[in-house]
Amino acid sequence: MIEAPSWRYTPALAEKIELKWQKRWAEEGCFYAANVEGPLTDGQGRHADGRKPYTVLDMFPFPSGKGLHVGHPLGYIATDFVSRFKRMQGYNVLHALGFDAFGLPAEQFAIATGQHPRKTTEENIANMRRQLSRLGLGFDPRRSFATTDPEYMKWTQWIFARLYSSWYDPEFSRPDGGRGCARPIEDLILQFESGERRSKKPWEKMSEREKSGVLNSFRLAYISDSFVNWCPGLGTVLANEEVTREGKSERGNYPVYRKRLRQWSMRITAYADRLLEDLDGLDWPETVKAMQRNWIGKCEGVKARFACPGGDAEVFLPSPSLLFHPSFLVVPSSMAPSLPEAWPEGCRKEWEEGSPSPRHLFASFKASHPYPLAHSMDGVFSGLFAEVAGEAVPVFISDYVSEPHLGSEGEEDAKFARIHSIDSSPSPESLPTEEEAAKWAEKEGIGQKERRYRLRDWLFSRQRYWGEPFPIVYSEDGVEHLLPDSALPVRLPSLPDYRPESFEPEDSSSMPQAPLSRSRDWVEVELDLGDGPKKYRRETNTMPNWAGSCWYYLRYLSPKDDSHFVNPEEDRYFLSAFHNPSSGALGGVDLYVGGVEHAVLHLLYARFWHKVLYDLGYLSSREPFFKLFNQGYVQAYAYTDSRGQYVPAAGVESRFEGGKEVFYFEGEKVNREFGKMGKSLKNMVTPDEMYEAYGADTFRVYEMSMGPLSESRPWNLKDVSGSQRFLQRLWRNVIDEETGEAKVSEEMDSETSRLLNKTIEGVTLDMEEMRPNTAIAKLIVLNNRLTSLPSTPRAAAEAMVKMLFPIAPHICEELWEKLGHASTLSFTPWPEAGKVEEEEVTAVVQVDGKVRCRLQVPPSIGAEDLEKLALDQEAVRQWLGGEDPAKVICRPPKIVSLVSRSGRKEK
RNA sequence: GCCCCCGUGGCGAAACGGUAGACGCAGUGGACUUAAAAUCCAUCGCCUUUUGGCGUGCGGGUUCGAGUCCCGCCGGGGGUACCA
């Protein structure tokens, strides 16, 4: 038996090398980004000192109890290679990773395992950190945090406080020259007090409660009544999507009721124009921009369906504004399923008695409804069904055009000017034709501006335990008060039972309960808010998960600053447009990588907060994320047996029968499916299994070579050996497997030199454009060339190792060291390509669109020479049928395209 | 339903509107081995004996030339506001 050479690149050796370099990177602070000032310096103790910053950002992970599968690191490997590439180019790279640790899954995992969510999330975070660092992913460890940390939560609440204390003035000019700006609510109060702005009732005659109501209708974070889908059986509120057509919960099939709840909202509609306009300048995938544009609300028209007594009628409206046409009665589709239930008593009674007058209904609805309709009716017009339980419905037309400041309670003025009421339900005959509708719109002066409608304000309250508490208390008269900044953070009380309270599934009178309301000691507090000690009740709703994820990228810049949520100096250095000139006037992080599933909500909410903080003078950039890149998903095969049960994918063997691949599990034939990777499909592969079996570098190369980073791809374990062979071959080309010493020659032939330069040129471009798959293919071509040589030229080996370093950093560091270099590759300059001179290139000659002949020509050949050369070819003359070509297109040195006379005639 | 994306060999894929299938996996043949593994070399879309013909989900169109651009379908994925 022959022993393997002692210096073969085996998984065991790979592990040894990987742990060695991971330790060394940590010791040398290779991933430390340098701040402008303060304690955070780079590994050499230097501040930024004018170096160019480059900020790389991942959509930070949710520390799930299920652990990572091989799909999770895809985006992190991508940001790691970009970070390493940029470091080699001399940038001061900021790359950190925090954890998004509040939220429903964390709460549910904790409930399922009978532990406190703080404990489970901490354990999950520790496990995730271990997995990620074993893959050699370089994050600045000093800048990591979880959204649940009290120090972080404090600033999330502080930002909420700023939103609550601000209003949007559409007329106010911003420093950047634009119109419309968030301003402190004090400015508004001054306007009311001075009479510059008038309210219906004189300001000085209003009670505190009335004033509070008026201000509430201006605040960017405000309280109002909103409708939710309440499922007593589950004890939770559901998204529309989670409710079936029959009005049951998707999970459990329990009844769902429409409930009006007093909740917090964010006035994102005030920023609709700016969110739309600033998209243009961002370096985002056009598809994501398109999704945001559609979400915010440009639309070319709507289809409206009306269930009428005389039949089920559909009309196309070129503008949603046409819904204001007197013939139409429209109700948001989301309200339809339980409309009578959701409506006030008077309306419901009429409804039950049959065929109420819509005008009457509308009037009584409005009278009994304390808030402006544009707010209280959630303006989902995407469906536009005027049908309830299959019947024609009385509906009203509301003005859903975003007007952030509709005025105070009961105020009735211009805001309802475009609301029309009608006297009878529509019949198909009474509906206008498209033409009539368009004519009417013209007459009424309804134009493009009114087309925007979709976007609605952001519902910001959750009836859950595991989220940020609001910094809000209520006095005994029901008026809300903001807690002073000195009272932050408001911590969650420890609650023995934090589960949501569920009810009898049919209990339609039940209401969603906030778990925090059970903690009496916490809810009832005595505070001195400036007018002596008084009793207050705390707000018991919590914030949604989005809150923490809206601003985490800012905290990376100055994670320990306890007097600012982000240090202004660091903000100006890392994020301002000045330091990122390519971003135009917008600024923001240089690169944001994450899944496309966040294309709308997260990215829209974060942009909104960023803009508010910019308006208020806390930030220097108008946009948070200048460049966005969406990586694809890793999917996997799953296998079912004859009974349709999933079998462990790892135990499935494939055989070839009759030229076709068939699959067996324990001798039984199984069927192959394709889907998400996870425990339920028994097809989960973890990074731990991968680095144990192959090493982290092989895993990284495989993930980056599977296909374009932006595309989803199936996991195929068999293919990993290709990446492993590539690294082994590279190792063997540089290292003597018997001695472990480098074996390189100092000479290089011209063919290898030419290929090397071509490779450097191509790989550099691929790395810049985030195409690691084609970069790796080019490096394999170069490596295959090196394999064919009697010995590897040193210059080729060194360039190769530098170019592969961002993707397979450990093996490259080891090779670099064995080649005689003492310092890490982390800051070694990226190789530059020399001139590539081709002696000959292949030109193709096409006749009537088909390739008929190939020619070897010098790359500098002119059009006339190339054409002449092509027409001299015997084969070409034959295909032309002996005649002159009818047309010649010549693109030297690659293409000559000839059209024959007969070919032209056929056309 | 609505919005966005994707569809190329047995498989993962490559291809500024210009030689379709780079690179990798699997397969096939060979070298080396007592043998196997590993390694190295060759081959590898389909049809045809060949000249050649056909091929990028389907049907049209634009173009000298279409995987790529346009129109209409079919199939798959993501989002749809309380999963994040």
Side-chain angles (χ1 to χ4, degrees), chain A residues 2 4 8 59 61-62 64 100 102-105 108 228-229 236-242 285-295 299 302-303 305 333-334 378 380 382-383 385 454-459 461-464 512 544-546 549 595-602 604-605 630 632-633 635 654 656 659-661 674-675 702 705-708 710-716 718-723 725-726 728-729 732 773-774 776-781 784 787-788 842-851 854 885-889 891 894-899 903-904 907:
Chain A
I2 303 160
R8 174 155 294 174
M59 289 186 184
F62 182 82
S64 148
D100 191 14
F102 274 124
L104 189 60
Q108 284 172 346
V228 296
N229 304 307
T236 57
V237 170
L238 299 173
N240 288 336
E241 214 197 1
E242 297 172 302
E286 282 305 318
T287 62
V288 177
K289 288 190 190 179
M291 280 192 263
Q292 288 223 349
R293 286 192 187 107
N294 290 332
W295 188 266
C299 82
V302 291
K303 264 188 206 163
R305 204 139 61 84
S333 60
S334 58
D378 63 357
V380 185
S382 53
F385 295 102
R454 268 190 193 154
L455 189 67
R456 64 182 135 115
D457 279 343
W458 168 20
L459 190 62
S461 296
R462 299 291 183 272
Q463 296 76 46
R464 303 196 190 285
N545 228 160
W546 307 113
S549 61
V596 72
E597 71 272 17
H598 293 294
V600 178
L601 297 184
H602 160 64
L604 204 57
Y605 295 152
N630 297 121
Y633 304 92
Q635 294 168 314
S654 87
F656 275 84
K660 277 208 152 188
E661 202 177 8
F674 189 63
Y702 175 59
S705 65
M706 289 163 89
S710 55
E711 301 293 321
S712 292
R713 68 286 298 285
W715 179 260
N716 199 348
K718 278 194 298 191
D719 290 351
V720 179
S721 54
S723 304
R725 273 179 217 154
F726 165 50
Q728 281 180 334
R729 225 172 272 165
R732 239 192 334 265
N773 53 325
T774 49
I776 291 168
K778 290 180 177 85
L779 291 172
I780 291 175
V781 171
N784 290 347
T787 306
S788 72
T842 307
V844 298
V845 184
Q846 296 180 355
V847 181
D848 295 335
K850 293 199 192 288
V851 179
R854 296 186 170 86
K887 191 173 181 181
V888 180
I889 291 106
R891 302 270 181 277
K894 288 276 190 183
I895 292 279
V896 185
S897 185
L898 307 165
V899 185
R904 160 147 295 185
K907 224 157 157 86

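In what follows, chains are A, B, ... by sequence order, proteins preceding strands, each numbered from 1. Computed from a prediction, not measured in an experiment: that's the story for all the values here. Basis for what follows: all heavy atoms, side chains included, without hydrogens, waters or symmetry-related copies.
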Asks: Considering every strand and a 4.0 Å limit on heavy-atom distances, what is the contact class for Ile895(A): base, sugar-phosphate, or nothing?
Replies: base

Asks: Considering every strand and a 4.0 Å limit on heavy-atom distances, what is the contact class for Pro708(A): base, sugar-phosphate, or nothing?
Replies: sugar-phosphate

Asks: Examine rC82(B): is either OP1 or OP2 under 4.0 Å from a nitrogen or oxygen in the side chain of Arg462(A)? Give yes or no.
Replies: yes

Asks: Quick one: label Pro285(A) by what it contacts on the DNA or RNA (base, sugar-phosphate, nothing), any heavy atom closer than 4.0 Å.
Replies: nothing

Asks: Could you list the protein-to-nucleotides 52-54 of chain B atom pairs, N/O on both sides, closer than 3.5 Å?
Replies:
| residue | atom | partner | partner atom | Å |
| --- | --- | --- | --- | --- |
| rG53(B) | OP1 | Arg852(A) | NH1 | 3.3 |
| rG53(B) | OP1 | Arg852(A) | NH2 | 3.3 |

Asks: Test of understanding: with side-chain hydrogen bond (donor to acceptor under 3.5 Å, both in side chains), list the residues that count as partners of Thr842(A), not counting sequence neighbours.
Replies: Gln856(A)

Asks: Mind checking salt bridge (Lys or Arg N to Asp or Glu O under 4.0 Å) for Lys289(A) and listing every partner two or more places apart, or none if nothing turns up?
Replies: Glu286(A)

Asks: Counting the atoms with a prime plus P, OP1 and OP2 as sugar-phosphate, which does Glu711(A) contact under 4.0 Å by heavy atoms, base, sugar-phosphate, or nothing?
Replies: sugar-phosphate

Asks: List for me each residue that meets side-chain contact (heavy atoms from CB on, under 4.5 Å) alongside Pro105(A), sequence neighbours excluded, and say none if there are none.
Replies: Phe62(A)

Asks: List the residues meeting side-chain contact (heavy atoms from CB on, under 4.5 Å) with Asp719(A), not counting sequence neighbours, and say none if there are none.
Replies: Tyr702(A), Asn716(A)

Asks: Base, sugar-phosphate, or nothing: which does Leu459(A) touch, judged by heavy atoms less than 4.0 Å apart?
Replies: base

Asks: Do the side chain of Arg293(A) and the base of rC3(B) come within less than 3.5 angstrom through a donor-acceptor pair of N or O atoms?
Replies: no

Asks: Not counting sequence neighbours, which residues clear side-chain contact (heavy atoms from CB on, under 4.5 Å) with Val596(A)? List them please.
Replies: Val288(A), Met291(A), Ala599(A), Asn630(A), Tyr633(A)

Asks: Touch check for Thr842(A), heavy atoms < 4.0 angstrom, all strands: base, sugar-phosphate only, or nothing?
Replies: base

Asks: Quick one: list whatever passes side-chain contact (heavy atoms from CB on, under 4.5 Å) with Ile780(A), sequence neighbours left out.
Replies: Phe726(A), Ile776(A), Asn784(A)

Asks: Is any side-chain nitrogen or oxygen of Lys887(A) closer than 4.0 Å to OP1 or OP2 of rC64(B)?
Replies: yes

Asks: Base, sugar-phosphate, or nothing: which does Ile889(A) touch, judged by heavy atoms less than 4.0 Å apart?
Replies: base

Asks: Identify all stems in which RNA chain B takes part, counting only runs of at least 3 consecutive pairs (Watson-Crick or G-U wobble, each distance under 3.5 Å), and give each as one range with another, ordered by first number.
Replies: B:1-7 with B:74-80, B:10-12 with B:23-25, B:27-31 with B:39-43, B:45-47 with B:52-54, B:57-61 with B:69-73

Asks: Could you tell me how far apart Tyr702(A) (OH) and rC25(B) (C1') are, to the nearest whole angstrom?
Replies: 9 Å

Asks: Less than 3.5 Å between a donor and an acceptor, one on the side chain of Thr287(A) and one on the base of rC4(B), is that the case here?
Replies: no

Asks: So, using side-chain hydrogen bond (donor to acceptor under 3.5 Å, both in side chains) as the criterion, who are the partners of His598(A) when residues are at least two apart?
Replies: none

Asks: Tell me every residue that passes salt bridge (Lys or Arg N to Asp or Glu O under 4.0 Å) with Arg8(A), counting only those two or more places apart in sequence or in another chain.
Replies: Glu737(A)

Asks: Identify the pairs formed between an N or O of the protein and an N or O of nucleotides 75-80 of chain B at a distance under 3.5 Å, and give each distance.
Replies:
| residue | atom | partner | partner atom | Å |
| --- | --- | --- | --- | --- |
| rU80(B) | O4 | Glu241(A) | OE2 | 2.9 |

Asks: Would you please confirm or rule out a distance under 4.0 Å between OP1 or OP2 of rA14(B) and any side-chain N or O of Asn773(A)?
Replies: yes

Asks: Strictly under 4.0 angstrom, non-hydrogen atoms only: write out the protein contact profile of nucleotides 40-45 of chain B, one letter per nucleotide from the 5' end, B, S or -.
Replies: S-----

